[in-house]
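All chains are named by letter (A, B, ...) in the order of the sequence lines, taking the proteins before the strands, and each is independently numbered beginning at 1. Please read these numbers as outputs of a predicted model, since none were measured by experiment.
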2 protein chains.
Amino acid sequence: MITRQLFETKILIKNGLLKEFPKELLSQRTIIIADHAIKDLYGTSLAAQIDAELLTIPTGEQSKSQTTANDLLEQLFKMQAHRKTTLIAVGGGVTIDLVGFVASIYLRGVPLILIPTSLVAIVDASIGGKTAIDTPFGKNLLGSFYHPKAIITDPSTLATLPEKEWINGLAEILKMALIHDASIWEQKNKKTFSVILQAMQGKIAIVEKDPYDWGLRHILNFGHTIGHALEALSHYTLPHGEAVAIGTVAESYLSMDLGYLQRDMFEKILAAYQFPLQLPKHYSREKILQAMIHDKKRNQVNRFVLIDKIGHAIPFEGAYCRTVTTQELAPTLHWMEANYG
Amino acid sequence: MITRQLFETKILIKNGLLKEFPKELLSQRTIIIADHAIKDLYGTSLAAQIDAELLTIPTGEQSKSQTTANDLLEQLFKMQAHRKTTLIAVGGGVTIDLVGFVASIYLRGVPLILIPTSLVAIVDASIGGKTAIDTPFGKNLLGSFYHPKAIITDPSTLATLPEKEWINGLAEILKMALIHDASIWEQKNKKTFSVILQAMQGKIAIVEKDPYDWGLRHILNFGHTIGHALEALSHYTLPHGEAVAIGTVAESYLSMDLGYLQRDMFEKILAAYQFPLQLPKHYSREKILQAMIHDKKRNQVNRFVLIDKIGHAIPFEGAYCRTVTTQELAPTLHWMEANYG
């Protein structure tokens, strides 16, 4: 068993861990929450193993909504879940973010355990205490900082993962390599445990230094300013990983275009994104600029994380991002449209 | 100026402070939120003084709802409030609790300043980092622990307070005297600054020792198990302070009936509650028992804070509450009905 501690969260990593759930983490009563697909794969058997109740949510990004959050809260009230009832979220990023938010506001917070079962949830969504739901105004706009009691990571669950979910996770792993850890870049084509662990460690190290996202943690948004905007204008039909992959290449281009990154470095980065990537159908220049204005990370000004080499985001005096004008951004959007349009 | 620090919250207390708002607490952009009554009394002039925007909510307990919270969140999105926008809540407990909750989940938390203008908000609701809204399942059932940056207490605002708001606050001050500080009891009939300050200090001292309400902080619920149930069965037409006042006398009776409190002490307590108190119209034995089961503090079992003298809640080995069976509770309900029915 590999263990890590991040603030009050115990992170446990082991193949097969889900079949031998550490019961000492549980309280008097436990409620597992999973989507329909994950319920069949892991939810039902885990509930039997640890004697827990089980709630399900619809599968897909549309569940990360106020409607689903309110449905869950209402069910918890009806079940008379109390302050010592542990909620366990089993699933991908949507379930992790949603259940985390619900756990943080139900009776002002109940104990929470996360079991990420997708690559993106393992290396990204489950780590760092951010919870979120989407609103009609944009993605992740309501949420909280709420640390789970534990994160149970069982990489053997990845065996059941469809290829497109690998790509989702890979986009975050490649991003981590570009902003923080060049050694991940060297192994990027290996679907190995060690790559996953290094990406997790990168996230832990960054969150530890800036838990509330006022400085260093911004670098995790590399590729996400454009990525989130693409997701929004596709009405979330474009998968997060593909959006982030396009965004990461585009923001690497931007880093080059603004003179921070050498062309041969950019070519290396571009070459690594070999999976099929395509701008969403409804893409237009006006729409992406509009969508970026609504992205919460910025304050009516485009701010971008930029890199100066593989493995290093530019500090910009502790801001870890730089204002980019619409004019400065134009060549990047032009290049992106030519490449992925 | 009197100042206190409670975790990250600076508590500033001074007569007239609202007219000389300490601007160094503010960020680039400030939005004041107040109900219609408080807007006219303080909101508009404060907004002009510190160059802030102003949002209003309907007056009354029904604003502590998911509907009003969602309305506020939507307005903040439309105004493009960002992560560094400070929200200032000006008003009584309803506004403080509601705006605190909204500030804690909007973009995962924005800076918050509280300006309590009622006695109950000054001595109780504003201190301790609890935020809350009500749900159809009960009072304060959704919320968070979220510490404001500052609490601006200007006791001169109490001059405009209607008598019934004094009673609301007095109920919490008398409760603080009974559970924690007998010296407050001695001065209880004086509407003085020092009584208010002592009640605030009592709350600060208790919250500091148990911020997340797992032990000592329970004592603040004295009078509230019965009080909340009375409020709920009156559909919140019974004012909080009157409900807590009846609850406090009844739970003092319970402390006596169970053998912890001497009769002459109870008689003293009873004699102090001279203001008119009356059970709500729809009161029945069945309804109050039902309402208590839905109160979140308990887990299908009636737990009560009990006192053994004026100024001292019984620790019960760190639980600071004791299970009371429905049979054990019967004489107290009988007495309460005879006295206040």
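The 12-atom threshold is not exceeded at CD of A:E317, counting heavy atoms of other residues, nucleotides or ligands nearer than 6.0 Å. Open room surrounds OH on B:Y212; 12 or fewer heavy atoms of other groups in view lie less than 6.0 Å from it. For A:K287, the NZ atom is densely surrounded, since the number of other residues' heavy atoms within 6.0 Å is greater than 12. Counted within 6.0 Å of NZ on B:K149, heavy atoms from surrounding residues, nucleotides or ligands total more than 12; the atom is thus considered enclosed.
Side-chain contact between B:K78 and A:F137 is present, with at least one heavy-atom pair separated by less than 4.5 Å. Residues A:R83 and B:D213 form a side-chain contact, since some pair of their non-hydrogen atoms from C-beta on lies under 4.5 Å apart.
If you measure heavy-atom distances from B:F101 to chain A, the contacts under 4.5 Å come from the side chain alone. For chain A, no part of B:I133 is nearby; none of its heavy atoms comes within less than 4.5 Å. Proximity to chain A (any heavy atom under 4.5 Å) is shown, for B:E74, by both the backbone and the side chain.
Residue B:Y106 holds its OH atom at 8.5 Å from OG1 of A:T135, rounded to the nearest 0.5 Å. A distance of 10.0 Å separates CG in A:L142 from OG in B:S104, rounded to the nearest 0.5 Å.
For the options A:T85, A:T131, A:N70, heavy-atom pairs under 4.5 Å to chain B are most numerous at A:T131.
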TODO: Would you sort out whether A:Y146 and B:R108 count as a side chain to side chain contact (heavy atoms under 4.5 Å, CB included), showing the intermediate values?
DONE: CA-CA 10 Å; A:Y146 192 71; B:R108 295 197 186 95; over 6 Å; no
